[in-house]
2 protein chains.
Amino acid sequence: MRRLADRLGSGVMSLYWHVDSKEDVFDLALDSVLEYRGSPHIAQLHDWRGEIIHVLEDWRASMLRHPWSASLLSRRALGPNTLGRLELLSKALSRAGVAAADMNVAIWSLWNYVMGATITRASFELSDEDRAAAQLRLARLSERYAAIERSRLLLDDDWDGTFRRGLGFLLDGLAPGQNSSAP
Amino acid sequence: MRRLADRLGSGVMSLYWHVDSKEDVFDLALDSVLEYRGSPHIAQLHDWRGEIIHVLEDWRASMLRHPWSASLLSRRALGPNTLGRLELLSKALSRAGVAAADMNVAIWSLWNYVMGATITRASFELSDEDRAAAQLRLARLSERYAAIERSRLLLDDDWDGTFRRGLGFLLDGLAPGQNSSAP
DNA sequence: ACCTGAACACCGTTCAAGT
DNA sequence: ACCTGAACACCGTTCAAGT
């Protein structure tokens, strides 16, 4: 608050006329990160899969542009931008043929996936050396952690590719039989 | 720190002999929540699907037992308990026939899903009235948010069921053709 | 090896007051 | 309607010192 006021060149307490508390500022900041930039609707009407992937990749990318926003994910953020993106996702899933009975599960699954991926990617943002150190620790304990050491899980840094491939698997499960990601 | 010291009946600065900083305490707290209680291996050797579901449901349940732990998820927590659970998951996926080339994607996908589900569920923990209020706001803006209003997304409170069903879809995508969740 | 209090440099927020 | 400074009740951490 004090630093924010400094940054704005105002007195600290002026903020409290516009905002109720620090929590309020966090909520507003988190939702504002999710504002749309660029074309909201490329509307490739026949490629539902590409459309959903685009919505979710943009969601993740918007948050990663401001990595601090990921640390705010533990608050129920239901601002207009968040709701707008949920609405967009819901419509795309309908078009993809997801049954009404599965709709909420589908939305929450994708939400969970995106939020988890975002928070994880942001937390590893500047700590490559930590991951290397962790992997080294693993090597010394290879008996206990043989499997994740063998797959070099913690050294894999193709975040975007992993996000997209995992999302592909989830979409395969949610709408099987349609243009799948399987070879 | 000051409150923690009070709780322990020690001087505030005594803590700093055992621990480097407040961040250190958070890391230790987060990992300790993930300690195993109960039987780690029921080892139903032929039901790989049930095994994976059990591991991930227990992961989520362990964190939800201490909802504050979800708000610590934005730190790269790679303590021994976290690594142990990753190792367990990796082995189960191997047994399930997930190819080595897909292993890391599979692990991170499930990780993302569980972390997202946990943080979301924890954030809605004590705010049922917030969700109801949000849904009401939606109703007044039904033009803008018609789809998510219609599906009553924000009022759905079968968290455990939604978690399990979504996980089923993801597992279907990760290991298709095996005993699926589809009817 | 383990604990401690005083001191420093910070916080967010209430309140009563200004324009 | 909008902004403000003084004051209150807190923080985490350094440091030099104790046992």
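So you know, we letter chains A, B, ... as the sequences are listed, proteins then strands, and number each from 1.
- Here dT13(D) presents its C1' atom at 16 Å from NE2 of H18(B), a figure rounded to the nearest Å.
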DNA chain C in dot-bracket form (Watson-Crick or G-U pairs under 3.5 Å, [ ] crossing, | inter-strand) is ||.|||||...|||||.||
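- Between the CG atom of D20(A) and the C1' atom of dT13(C) there is a distance of 12 Å, given to the nearest Å.
- Between the CG atom of L4(A) and the P atom of dC10(C) there is a distance of 17 Å, rounded to whole Å.
- dC2(C) atom C1' lies 15 Å from atom CG of L8(B), rounded to whole Å.
- With distances taken from any side-chain atom of S14(A) to the nucleotides dT4(D), dT4(C), dT13(D), the minimum falls on dT4(D).
- Between K22(A) atom NZ and dA9(D) atom C1' there is a gap of 15 Å when expressed in whole angstrom units.
- When all heavy atoms are compared, the tightest approach of V98(B) to A106(B) is CG1-CB, 4.1 Å.
- Between R3(B) and the phosphate of dC11(D), there is a side-chain N or O to OP1/OP2 separation shorter than 4.0 Å.
- M13(B) comes within contact range of at least one nucleobase, with a heavy-atom separation under 4.0 Å.
- With the nearest nucleotide of DNA chain D identified for both Y16(A) and R2(A), Y16(A) has the one nearer the 5' end.
- A donor-acceptor pair under 3.5 Å links the side-chain atoms of N112(A) to the main chain of W108(A), judged by distance alone.
- The distance from atom CH2 of W17(B) to atom P of dT14(D) is 17 Å, rounded to the nearest whole Å.
- Taking atom C1' on both nucleotides, dA16(C) is separated from dC2(D) by 16 Å, rounded to a whole Å.
- Between the P atoms of dA9(C) and dA9(D), the separation comes to 22 Å (whole Å).
- As a whole-Å value, the separation of M1(A) CE from dT14(C) P is 12 Å.
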